[in-house]
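All figures in this text were calculated on a predicted structure; none of them were measured in a lab. Atoms considered below: every heavy atom in the structure, side chains included; atoms not considered: hydrogens, waters and symmetry mates.
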Amino acid sequence: MFAQPLVPVGNNLVLSFLLAASPIFVTLIMMGVLRRPAWQATLGGLVIGLIMAVGVWGLPAKLAFASMTNGMVFSLLPVMWIALSALFLFNVAMQTGRFDAFRMWILQHLPNDRRVMLVVLGFCFSAALEGVAGFGTPVAITSALLIMLGFPALEALTYVLIFNSAPVAFGGLGIPITVLASITGLPATTLSSTIALQLAPFACLIPFYVMALYAGWRSIKQLWPVLLVAGGSFALTMVLVATFVSYNLSNVLSSSVSLISTILFLKIWSPTPDPAYAIEETHLKQAPAKAGAWQGPHWQGWIPWVVVILVVIVWDSLHIAKIGATPIHWPGLDKQVFISLYQKPYAAVWNFEPLGTGTAIFVSALLTALATRATGQQFMAALRTTAKQGWLAVITVALTIGLAFLMNYSGMTYTLGYAVASTDMVFPLVSVFLGWIAVFLTGSDTSGNALFGNLQVAAAHQLSLDPVLFASANSAGGVMGKMISPQNITTGVAVTSLKGQEGVVLARTFKHSLFLTFLMGLVVVFQQYVLH
């Protein structure tokens with residue numbers, strides 16, 4: 001059995017930390033500085049990670065290969081199966097004309113103001129999609145919609161990535177909280193309430209923050225009522241549902257309340273018209289009719305999104321994902337590594353779920369095709385387009401999660417965590433960056449919680465701090481890493497003209513990710529040293 005070394009480089013924790021972080025540095029530099037496509041950047045990070053894992057941490061080559069293949073298979077099912085199914089739903093909506101109908105419904109029922117559209121779609125609607133899909137698909141779908149309304153592709157993608165933060169901790173019907181509770185042994189209800197309180201200020205802040213980036217402080221003065229309604233209704237509902245109802249429904253209900261409240265509020269209040277942000281006439285027109293395309297009432301543009309939300313909720317309520325689920329102990333890897341930090345063997349179990357969330361979303365796409373009477377030609381065109389959009393994302397995500405698993409099983413990730421946990425009294429400020437690192441690597445707050453949740457609790461006990469607070473900080477800090485994750489960015493660019501320019505997107509979002517994570521650290525410091 002391979003025992004992970006925590007400080008493999010001359011018993012020097014700082015140097016060990018820097019070498020452990022080198023695959024992350026390489027990926028970030030190649031994407032953000034050299035502006036290489038995400039698959040090249042993650043491949044570069046994987047090569048460096050393999051050299052470090054085998055040459056410095058001493059991981060046997062056989063285990064290194066097994067850990068990478070385990071991660072790559074996990075990236076296909078469930079991760080990319082969810083993302084590709086959601087992209088297929090999007091393309092069914094596109095082929096049947098319902099996506100354009102949704103655009104026209106929005107144009108008819110909201111003020112002619114791109115700033116308002118950005119808030120309603122980029123924040124409220126994207127959050128609703130995050131609740132059922134995640135893994136970058138809310139970013140892809142919402143940014144495509146904003147582009148159809150006249151936003152430049154880079155702006156649309158950047159702002160939606162920043163918006164796609166607060167909803168993440170309760171995404172996928174609360175699975176990140178479920179995993180965090182199971183890993184740490186802490187009550188899920190207590191964790192969810194704490195995480196909701198940590199994220200609530202950011203749910204209120206982010207609509208104002210993005211508006212300042214897009215249109216400046218003058219627009220905040222003009223639009224502050226609707227910004228407050230969108231962010232405030234989301235935050236309040238999130239806290240109430242997570243604390244008193246069920247964390248599984250927190251994101252679905254908070255995003256739905258935010259979306260409905262904001263649209264209804266705009267029926268009684270509208271900002272002063274500003275020609276600089278009016279939508280151009282070309283985008284206000286109905287798309288030209290195509291042969292076989294549907295031309296009817298615009299409210300039917302809601303069909304794909306209502307169907308997927310209802311199907312996923314029913315799917316989860318009936319526990320359909322558990323039917324046929326089989327845990328597969330990964331050959332040559334399961335319990336062949338000893339986690340020195342936790343003093344226990346490292347399990348390697350791939351949960352094969354043929355009827356998981358990805359299948360629920362795929363069924364939603366089939367039901368949408370039936371409800372909208374899609375022709376065979378439209379259906380096949382949606383499949384072809386999805387394959388064309390998704391193949392490069394599949395490769396990138398496989399490389400990214402392969403690197404994450406390699407770093408996990410070699411011990412490199414635990415070296416990073418051990419170093420951060422050794423910062424003593426500064427730990428409350430930097431603990432959120434553990435979650436940030438994990439979500440950057442895996443693209444998933446769920447995986448970030450599984451990776452570092454227990455470490456946060458152990459460090460908190462060692463420093464006589466609140467373990468619930470720091471387990472929660474891992475998840476809350478992780479959501480800010482979602483906007484720079486190669487997985488999230490790659491899926492997001494799949495439906496835009498920015499394919500291959502993931503580095504440009506990363507360069508736009510990176511500083512915001514760091515800044516918001518630092519603010520989250522200050523919130524945790526305040527909770528620990530002022531409120532306790």
Assess whether atom CZ of Phe518 is packed by more than 12 heavy atoms of other residues, nucleotides or ligands within 6.0 Å.
no
Tightest non-hydrogen contact, residues Ile147 and Ala156, listed as CG1-CB, 4.0 Å
Any Gln501 side-chain heavy atom under 4.5 Å of Leu154 side chain:
no
Mark yes when over 12 heavy atoms from residues, nucleotides or ligands other than Tyr418 sit less than 6.0 Å from its OH; otherwise mark no.
no
Taking atom CG of Leu403 and atom CG of Asn408, what is their separation to the nearest 0.5 Å?
9.0 Å
Show your reasoning for whether side-chain contact (heavy atoms from CB on, under 4.5 Å) applies to Met52 and Trp57.
CA-CA 6 Å; Met52 293 297 166; Trp57 269 257; 4.3 Å; yes
To the nearest 0.5 angstrom, please state how far the OG1 atom of Thr413 sits from the CG atom of Leu341.
11.5 Å
For the residue pair Val439 and Val479, establish whether any side-chain heavy-atom pair is separated by less than 4.5 Å.
no
Roughly how far, to the nearest 0.5 Å, is CE of Met68 from CD1 of Ile401?
14.5 Å
Apply side-chain contact (heavy atoms from CB on, under 4.5 Å) to Leu50 and Leu406, showing your working.
CA-CA 7 Å; Leu50 188 60; Leu406 174 66; 4.2 Å; yes
Donor-acceptor pair, distance only, cut-off 3.5 Å: does the side chain of Ser258 make one with the backbone of Ser233?
no
Short side-chain to backbone donor-acceptor contact, Ser192 and Ala188, under 3.5 Å:
yes
Main-chain N/O of Phe433 paired with Thr517 side-chain donor or acceptor, under 3.5 Å:
no
Using 30° and 60° as the class limits, which term best fits the ring planes of Phe405 and Tyr409: parallel, tilted or perpendicular?
tilted
Report yes or no: does Thr490 contribute a side-chain atom to a donor-acceptor pair with the main-chain N or O of Gln487 at less than 3.5 Å?
no
Tell me the ring-ring contact (aromatic ring centres under 6.0 Å, His included) pairs involving residues 158-180, sequence neighbours left out?
Phe123-Phe163, Tyr159-Tyr214
Can you find a heavy atom in the side chain of Phe470 that is under 4.5 Å from one in the side chain of Gln528?
yes
With a 4.5 Å limit on heavy-atom distance, are the side chains of Leu213 and His512 in contact?
yes
The reported gap from CG in Asp445 to CG in Leu180 (rounded to nearest 0.5 angstrom) is 8.5 Å
With a 4.5 Å heavy-atom cut-off, do Thr496 and Ser143 have their side chains touching?
yes
Would a 4.5 Å heavy-atom cut-off, applied to side chains only, mark Phe208 and Leu228 as touching?
yes
Donor-acceptor pair, distance only, cut-off 3.5 Å: does the side chain of Ser67 make one with the backbone of Ala64?
yes
Side chains of Asn164 and Glu130: any donor to acceptor distance under 3.5 Å?
yes
For the residue pair Asn474 and Gly448, what are the closest heavy atoms and their distance?
ND2-O, 3.1 Å
Show your reasoning for whether side-chain contact (heavy atoms from CB on, under 4.5 Å) applies to Tyr247 and Leu191.
CA-CA 9 Å; Tyr247 67 87; Leu191 288 169; over 6 Å; no
Nearest 0.5 Å please: distance from the OG1 atom of Thr142 over to the CG atom of Leu161.
10.5 Å
If you take all heavy atoms of Ser22 and Ile48, which pair is closest and at what distance?
OG-CG2, 3.6 Å
Short side-chain to backbone donor-acceptor contact, Glu502 and Gly492, under 3.5 Å:
no
When you measure from the side chain of Thr194 to the backbone N and O of Thr190, does any donor-acceptor pair fall under 3.5 Å?
yes
Answer yes or no: is there a side-chain heavy-atom contact under 4.5 Å between Ile141 and Val495?
no
Looking at every non-hydrogen atom in both residues, tell me the closest pair between Pro486 and Thr27 and how far apart they are.
CG-CG2, 4.3 Å
For the backbone of Met480 and the side chain of Ser513, can you confirm whether one donor and one acceptor N or O come within less than 3.5 Å of each other?
yes
Kindly indicate whether the side chain of Val257, heavy atoms from C-beta on, has any atom under 4.5 Å from the side chain of Phe234.
no
Side-chain H-bond candidate by donor/acceptor type, Ser254 with Thr237, under 3.5 Å:
no
Short side-chain to backbone donor-acceptor contact, Asn488 and Lys482, under 3.5 Å
yes
Report the residues that fulfil ring-ring contact (aromatic ring centres under 6.0 Å, His included) with Phe125, sequence neighbours left out, ordered by chain and then residue number.
Phe102, Trp305
To check you understand the geometry: which heavy-atom pair defines the closest contact between Asn449 and Pro176, and what is its length?
ND2-O, 3.0 Å
Could you pull out the closest heavy-atom pair between Ala421 and Leu455, with the gap in Å?
CB-CD1, 4.4 Å
Is the backbone N or O of Leu399 less than 3.5 Å from a side-chain atom of Trp39, with the two atoms forming a donor-acceptor pair by type?
no
Is there a side-chain contact (heavy atoms from CB on, under 4.5 Å) between Tyr346 and Leu333? Walk through the geometry before answering.
CA-CA 9 Å; Tyr346 202 157; Leu333 183 63; over 6 Å; no
Distance, nearest 0.5 Å, that separates OG of Ser126 from CG of Leu259:
11.0 Å
